[in-house]
Every structure is written in C-alpha cells, then in structure tokens.
Undergrad: 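The structure's right below; bear with me while I get my questions together.
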Amino acid sequence: GAGVSQTPSNKVTEKGKYVELRCDPISGHTALYWYRQSLGQGPEFLIYFQGTGAADDSGLPNDRFFAVRPEGSVSTLKIQRTERGDSAVYLCASSLNPAGSGNTIYFGEGSWLTVV
Amino acid sequence: DAKTTQPPSMDCAEGRAANLPCNHSTISGNEYVYWYRQIHSQGPQYIIHGLKNNETNEMASLIITEDRKSSTLILPHATLRDTAVYYCIVRSSGTYKYIFGTGTRLKVLA
C-alpha cells in the first residue's frame with residue numbers, strides 16, 4: 001500500500017487477555033517505530049527496529065509488552081495479560097533509512113485498544 | 001532526553017498566517033526538527049522537517065533560528081481544515097527516540 005497500515009484499527013479486549021497489533025510499514029522502509037498515545041497526550045516512544053532487530057526497546061513499559069519484526073518488514077506488538085491502563089492508541093511509523101538520517105517518518109492511523 | 005516546548009493553544013483567523021513556535025534548546029548539532037499535526041482520531045501527519053536552513057513545501061514553511069534552539073512553523077493561509085494539534089519533535093541525541101511534547105492545539109476561526 002501507499003502508507004503505513006495498521007490492523008486492527010479498533011480492538012476491545014477483556015482485562016487479562018493477550019493482544020497482537022500488526023504494522024505493515026511502507027515497502028522498502030528499514031526503520032520502524034512503535035508509539036503509544038493516551039487521551040490528551042502526545043505519542044510516547046515504545047520501541048525502534050532497524051531491519052529485524054530491536055535497536056532500542058527502552059520505551060516498553062514492562063515485560064508484558066513485546067514486539068517482533070522477523071523479516072524486517074511487518075512488525076507485531078504483543079501485549080500479554082492486558083490491563084485497563086493499556087487502553088490507548090498504538091501508533092506505528094516507518095522511514096526509509098535509520099533514525100537520525102533526516103528521512104521523513106510516516107505514521108499509520110493507529111490501532112485503538114480498549115481494555116475492559 | 002531532548003525536549004520541546006510549545007504553547008498549549010493558539011487561535012488564528014481563517015486566511016491569515018498561523019505562526020507556531022517551538023523551543024528545542026537541548027537539540028544537538030546534527031539533529032533534525034520535524035513537525036507533524038494530528039487531527040482528532042487520526043495518526044500524525046507529516047508536515048515538514050529541517051536541520052539548519054529554512055525550508056518550504058506545499059504545506060508550510062519552517063524557520064529555524066541560527067542557534068537552532070527554536071523554530072517556527074508557518075501556515076501561510078490557514079483554513080478551517082488546519083485546525084489540529086501541531087507537534088514539533090526532535091530525536092534524543094544518542095538514541096532512536098523521537099520525542100513528542102504536548103503540542104499546540106491550533107484553532108482556525110471562520
């Protein structure tokens with residue numbers, strides 16, 4: 001597709017359940033980012049991939065959160081034992097070259113997660 | 001961490017220029033400044049970015065001060081569709097994190 005694609009666009013899950021959120025970056029983009037945005041706040045960094053490897057996962061809030069990018073394109077953010085505080089919009093972004101290179105970073109429309 | 005500071009809100013009359021300031025005094029010498037906007041319930045939309053020189057594209061102009069500690073995004077002829085939250089972001093030096101602040105909520109008035 002032309003842009004960053006995220007699925008599902010909306011997800012309602014029960015507390016304690018496991019959730020996967022998928023990101024399809026722009027074709028050929030090597031850098032991929034996950035952010036989380038709570039209501040009324042700016043996006044907060046979660047994790048950055050350069051290719052297949054997580055170059056910086058310092059923003060993941062705890063060990064219930066994990067992300068993978070096994071083939072260097074699609075990425076999946078995984079949340080175990082969801083809590084109500086995990087409710088937020090999860091944003092994915094990608095850029096052609098590594099962070100700091102001055103390339104444009106494109107964001108997807110986000111996955112709205114609600115934990116009830 | 002790098003940090004940006006923006007006024008929380010601004011109003012602008014339709015058809016007038018909207019000038020949105022951002023302070024990024026902790027930016028390091030080789031980091032770019034990016035501007036995005038976010039319309040309710042949508043993902044951040046890229047507007048423009050720059051390093052040292054002023055930049056212009058079809059959406060906006062970016063003026064960066066000589067010391068690079070602040071910048072101004074200019075929407076030359078604001079329309080009602082430009083009502084959004086505008087973020088300036090910089091990368092935290094030595095990391096891969098692009099840091100968003102709380103942004104400026106711009107309201108364009110008819």
Side-chain angles (χ1 to χ4, degrees), chain A residues 2-7 9-10 21 23 25-26 29-51 53-60 67 88-112 114, chain B residues 1-9 20 22 24 27-53 55 57-60 62 64 68 84-106:
Chain A
V4 178
S5 175
Q6 293 188 245
T7 53
S9 54
N10 283 283
L21 306 175
C23 173
I26 294 172
H29 281 198
T30 63
L32 186 145
Y33 311 77
W34 283 99
Y35 279 77
R36 178 168 73 171
Q37 186 172 25
S38 300
L39 197 62
Q41 304 294 317
E44 293 178 304
F45 172 85
L46 294 177
I47 188 169
Y48 165 76
F49 286 90
Q50 182 52 43
D56 185 346
D57 64 358
S58 62
L60 295 177
V89 179
Y90 290 82
L91 295 162
C92 179
S94 72
S95 66
L96 184 60
N97 286 322
S101 59
N103 286 150
T104 302
I105 304 165
Y106 297 93
F107 281 81
E109 292 300 315
S111 290
W112 290 67
T114 302
Chain B
D1 271 355
K3 182 180 174 182
T4 61
T5 304
Q6 299 175 254
S9 64
L20 297 146
C22 178
H24 35 79
I27 194 171
S28 62
N30 58 350
E31 294 298 339
Y32 287 77
V33 179
Y34 289 79
W35 282 82
Y36 286 81
R37 71 182 183 185
Q38 196 169 25
I39 297 169
H40 181 62
S41 77
Q42 297 181 13
Q45 178 191 21
Y46 169 79
I47 301 173
I48 199 166
H49 71 286
L51 182 62
K52 294 181 183 178
N53 300 320
E55 302 287 345
N57 63 20
E58 64 279 3
M59 288 184 71
L62 176 61
I64 303 173
R68 301 203 340 111
V85 178
Y86 287 77
Y87 295 99
C88 74
I89 70 170
V90 296
R91 188 169 69 116
S92 182
S93 183
T95 77
Y96 300 100
K97 302 179 191 179
Y98 286 90
I99 306 296
F100 284 76
T102 51
T104 295
R105 186 172 298 275
L106 175 70

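In what follows, every chain begins at residue 1, and chains take the letters A, B, ... in the order their sequences are listed.
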Undergrad: Just checking B:Arg105: does its CZ atom have more than 12 heavy atoms from other residues, nucleotides or ligands closer to it than 6.0 angstrom?
TA: no

Undergrad: Check each atom of B:Gln45 against the heavy atoms of chain A and say whether the ones under 4.5 Å are side chain, backbone, both or neither.
TA: neither

Undergrad: Short question: side chain of A:Glu109, backbone of B:Gln42 - any donor-acceptor pair under 3.5 Å?
TA: no

Undergrad: Could you look at A:Asp57 and say if it's the side chain, the backbone, both or neither that has a heavy atom under 4.5 Å from chain B?
TA: neither

Undergrad: Closer than 3.5 angstrom, by distance alone: can the side chain of A:Tyr48 be matched with the main-chain N or O of B:Thr95 as a donor-acceptor pair?
TA: no

Undergrad: Give, for atom OG1 of A:Thr104 and atom OH of B:Tyr36, the distance between the pair rounded to the nearest 0.5 Å.
TA: 6.5 Å

Undergrad: Shortest non-hydrogen contact from A:Leu91 to B:Gly43?
TA: CD2-CA, 4.1 Å

Undergrad: Taking side chain as everything from C-beta outward and backbone as N, CA, C, O, which of these in A:Gln37 sits under 4.5 Å from a heavy atom of chain B? Side chain, backbone, both or neither.
TA: side chain

Undergrad: Let me know if A:Ile47 has heavy atoms under 4.5 Å from chain B in its side chain, its backbone, both or neither.
TA: neither

Undergrad: Are the side chain of B:His49 and the backbone N or O of A:Gly102 linked by a donor-acceptor pair below 3.5 Å?
TA: yes

Undergrad: Identify the heavy atoms of B:Lys97 and A:Phe45 that sit nearest to each other, and give their distance.
TA: CG-CD2, 3.4 Å

Undergrad: Quick check for you: to the nearest 0.5 Å, what is the distance between B:Tyr32 atom OH and A:Ile105 atom CD1?
TA: 11.5 Å

Undergrad: Quick check: does any side chain N or O of B:Tyr96 sit under 3.5 Å from a backbone N or O of A:Tyr33, one acting as donor and the other as acceptor?
TA: no

Undergrad: Parallel, tilted or perpendicular: which describes the rings of B:Tyr46 and A:Tyr106, with under 30° parallel and over 60° perpendicular?
TA: tilted

Undergrad: Do B:Tyr98 and A:Pro43 make a side-chain contact, defined as non-hydrogen atoms from C-beta onward lying under 4.5 Å apart?
TA: no

